[in-house]
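In what follows, a structure is listed as structure tokens, so that the remarks can point back to it.
Because only heavy atoms are used, hydrogens play no part in the values below, and waters and symmetry mates are left out as well, while side chains stay in. These numbers were taken from a predicted model, which means no experiment stands behind them.
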Amino acid sequence: MKKIFLTLGLAGCFFSQAKEIRDSLFIPKEFNPILFDDCDACGCAAGNGSSGFESLLNPQFIGVKYFAQHYRAKENLFVNHLTQDQYFNTVQLWGKIPVARNVSVYASIPFQFHTKKTLQGDIKIEGIGDANVMGIYQLLDSKDSSHQLNGGFGVKIPIGRFDEKGITGVNPSFQLGTGSWDYQMVLNYKFQKDKLAVLLNTDYTLKTENKKHYRFGNQWNYAATGFYRIWKNENSILSGKFGMQGEVYDWNRQFREVMPKTAGSALYGKLGFEASYKKFSLGSEVMLPAYTNLAGGDIEAKSRFSIFLNVGI
């Protein structure tokens with residue numbers, strides 16, 4: 001089993017930097033996702049790009065996670081091509097801890113290091129991002145545990161630095177934090193039978209105005225993920241996972257005035273694995289854009305990658 005984890009870990013290290021993956025998922029022309037148009041806001045630090053919090057093999061856990069995102073944007077108004085690569089990297093401590101029967105607390109605190117490559121040189125920012133705390137209540141759990149429904153409510157605490165100068169660029173979400181107290185609601189459903197499992201997640205973030213009179217747009221995330229158990233013995237499980245994830249952003253506002261090109265949407269396909277050995281679980285995921293409409297074409301979503309190591313509690 002140690003050899004399996006070593007192999008998976010090396011594979012994770014190979015992909016663990018936010019660099020471009022050139023291929024995108026093929027989506028037939030008949031597929032028309034119902035998403036908002038006139039887009040911009042990217043799923044990065046301030047946009048709060050979601051990669052989910054639910055672990056199938058260890059639903060109660062503490063651990064560490066690395067999450068990387070890549071976008072390409074116009075350098076400035078006088079450039080017709082998408083020439084600026086933007087990389088958003090997050091290492092976060094996270095956990096989902098039981099506090100009472102049917103009640104858990106989810107919390108995370110990120111450290112972020114972001115880079116955008118300009119004609120004048122690289123621009124880098126790094127530091128602690130905004131913390132998240134959420135209470136999760138188990139609304140339904142069938143007798144055979146094949147159906148489970150959880151709901152939650154939480155708050156994002158503005159400890160990450162917000163730079164007012166950063167909102168003047170093509171991507172105003174190139175930040176460590178929003179500078180605002182934001183409120184989150186989540187609903188999670190799990191169906192599991194034999195070797196198959198399906199997770200359905202949706203969450204909504206209500207964002208408020210910060211001290212600089214800037215307000216990032218509200219955000220809705222949704223995801224559907226299928227799991228298939230590939231291998232199992234007394235102490236270990238290996239599962240593959242695949243699915244899709246979408247994000248929709250409302251308009252940003254400054255002094256309550258709508259900022260143009262700051263609403264957006266994107267849809268990703270994802271593929272990954274999750275493995276467990278006793279109390280430990282290791283998981284990784286690659287996401288590629290199936291649909292993206294950001295900043296009227298001024299920003300293009302590229303690849304995402306995540307890897308985590310959790311300890312069950």
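- Contact check on Arg72 versus Asp85 returns a salt bridge, with a Lys/Arg side-chain nitrogen under 4.0 Å from an Asp/Glu carboxylate oxygen.
- No donor-acceptor contact under 3.5 angstrom links the side chains of Asp141 and His147, judged on distance only.
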side-chain contact (heavy atoms from CB on, under 4.5 Å), that's the test. Do Ile230 and Phe273 meet it? Break it down for me. CA-CA 10 Å; Ile230 300 171; Phe273 74 89; over 6 Å; no
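- Looking only at distances, no side-chain donor or acceptor of Ser284 sits under 3.5 Å from a matching main-chain atom of Gly272.
- Counted within 6.0 Å of CG on Leu206, heavy atoms from surrounding residues, nucleotides or ligands total more than 12; the atom is thus considered enclosed.
- For the 3.5 Å distance criterion, the side chains of Asn132 and Gln184 qualify, holding a donor opposite an acceptor.
- Between the Thr168 side chain and the Lys165 main chain, a donor and an acceptor come within less than 3.5 Å of each other.
- Between Leu294 and Ala301, the closest heavy-atom pair is CD1-N, 3.8 Å.
- Asp130 contributes atom CG, which lies 12.0 Å from atom CZ of Arg161 (distance to the nearest 0.5 angstrom).
- Using a 30° and 60° split on the angle between ring planes, Trp220 and Tyr222 fall in the tilted class, from 30° to 60°.
- Tyr214 contributes atom OH, which lies 5.5 Å from atom CE of Met259 (distance to the nearest 0.5 angstrom).
- When hydrophobic side chains of Ile, Leu, Val, Met, Phe, Trp and Tyr are connected at separations under 4.5 Å, Phe242 ends up clustered with Leu271.
- Looking at Gln138, Gln60, Lys96 one by one, the single match for side-chain hydrogen bond (donor to acceptor under 3.5 Å, both in side chains) with Ser104 turns out to be Gln60.
- Taking the side chain as every heavy atom from C-beta outward, Leu187 and Met185 never approach each other to under 4.5 Å.
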With side-chain contact (heavy atoms from CB on, under 4.5 Å) as the test, would you mind laying out the steps for Gln84 and Thr118 before giving the verdict? CA-CA 6 Å; Gln84 183 185 94; Thr118 73; 3.4 Å; yes
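- Residues Asn150 and Tyr137 bring no donor and acceptor atom of their side chains to less than 3.5 Å of each other.
- Asn188 CG to Leu199 CG: the interatomic distance, rounded to the nearest 0.5 Å, is 6.0 Å.
- The minimum heavy-atom distance linking Gly129 with Gln112 is given by the pair CA-NE2, 3.6 Å.
- Of all heavy-atom pairs between Gly63 and Asn310, the closest is CA-OD1, 3.5 Å.
- In this structure a side-chain-to-backbone donor-acceptor pair under 3.5 Å is missing from Asp298 to Lys74.
- The shortest non-hydrogen separation linking Gly179 to Pro158 is C-CB, 3.7 Å.
- Counting only N and O atoms by type, the side chains of Lys207 and Thr178 include no donor and acceptor under 3.5 Å apart.
- Glu209 and Arg215 make their closest contact through CA-CB, 3.9 Å (heavy atoms, listed as atom of the first residue, atom of the second, distance).
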Trp94/Tyr106 under side-chain contact (heavy atoms from CB on, under 4.5 Å): CA gap, chis, key distance, verdict: CA-CA 7 Å; Trp94 67 339; Tyr106 165 79; 3.8 Å; yes
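- Side-chain contact between Val155 and Asp182 is absent, with no heavy atoms from C-beta onward closer than 4.5 Å.
- The OH atom of Tyr268 sits 11.0 Å away from atom NZ of Lys302, with the distance rounded to the nearest 0.5 Å.
- Using a 4.5 Å heavy-atom cutoff, the side chains of Thr83 and Leu119 are not in contact.
- Residues Gln254 and Ile167 have side chains in contact (heavy-atom distance under 4.5 Å, counting atoms from C-beta outward).
- The cluster map of Ile, Leu, Val, Met, Phe, Trp and Tyr, joined by side-chain heavy atoms under 4.5 Å apart, puts Val99 and Val133 in the same cluster.
- Not counting sequence neighbours, Phe162 has no partner by the ring-ring contact (aromatic ring centres under 6.0 Å, His included) test.
- In this structure, Thr292 contributes its side chain and Pro289 its backbone to no donor-acceptor pair below 3.5 Å.
- Under 3.5 Å, the side chains of Gln192 and Ser146 contain no donor-acceptor pair of N or O atoms.
- Taking NZ of Lys261 as the reference point, atom CG of Asn252 lies at 14.0 Å (rounded to 0.5 Å).
- With sequence neighbours excluded, no residue satisfies ring-ring contact (aromatic ring centres under 6.0 Å, His included) with Phe153.
- In this structure the side chain of Asn89 reaches within 4.5 angstrom of the side chain of Tyr66, judged on heavy atoms.
- Donor-acceptor pairing under 3.5 Å is lacking for the side chains of Thr115 and Gln86.
- Leu288 and Leu82 are not part of a single hydrophobic cluster, where members link through side-chain heavy atoms under 4.5 Å apart.
- Closest approach of Phe227 and Ser239 over heavy atoms only: CD2-CB, 4.5 Å.
- Taken from CD in Gln219 to CG in Asp203, the straight-line distance is 7.0 Å, to the nearest 0.5 Å.
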Given side-chain contact (heavy atoms from CB on, under 4.5 Å), test Phe67 with Phe305 step by step and report yes or no. CA-CA 6 Å; Phe67 182 39; Phe305 171 80; over 6 Å; no
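- Taking the six-membered ring for Trp and the full ring otherwise, Tyr189 and Phe191 have centroids separated by 6.0 Å or more.
- Using a 4.5 Å heavy-atom cutoff, the side chains of Gln245 and Met287 are in contact.
- Using cut-offs of 30° and 60° on the angle between ring planes, the pair Tyr71 and Phe88 is perpendicular.
- For the pair His114/Phe174, a side-chain contact is recorded, criterion being any heavy-atom separation below 4.5 Å from C-beta on.
- Put simply, the side chain of Tyr277 reaches to within 4.5 Å of the side chain of Asn235, judged on heavy atoms.
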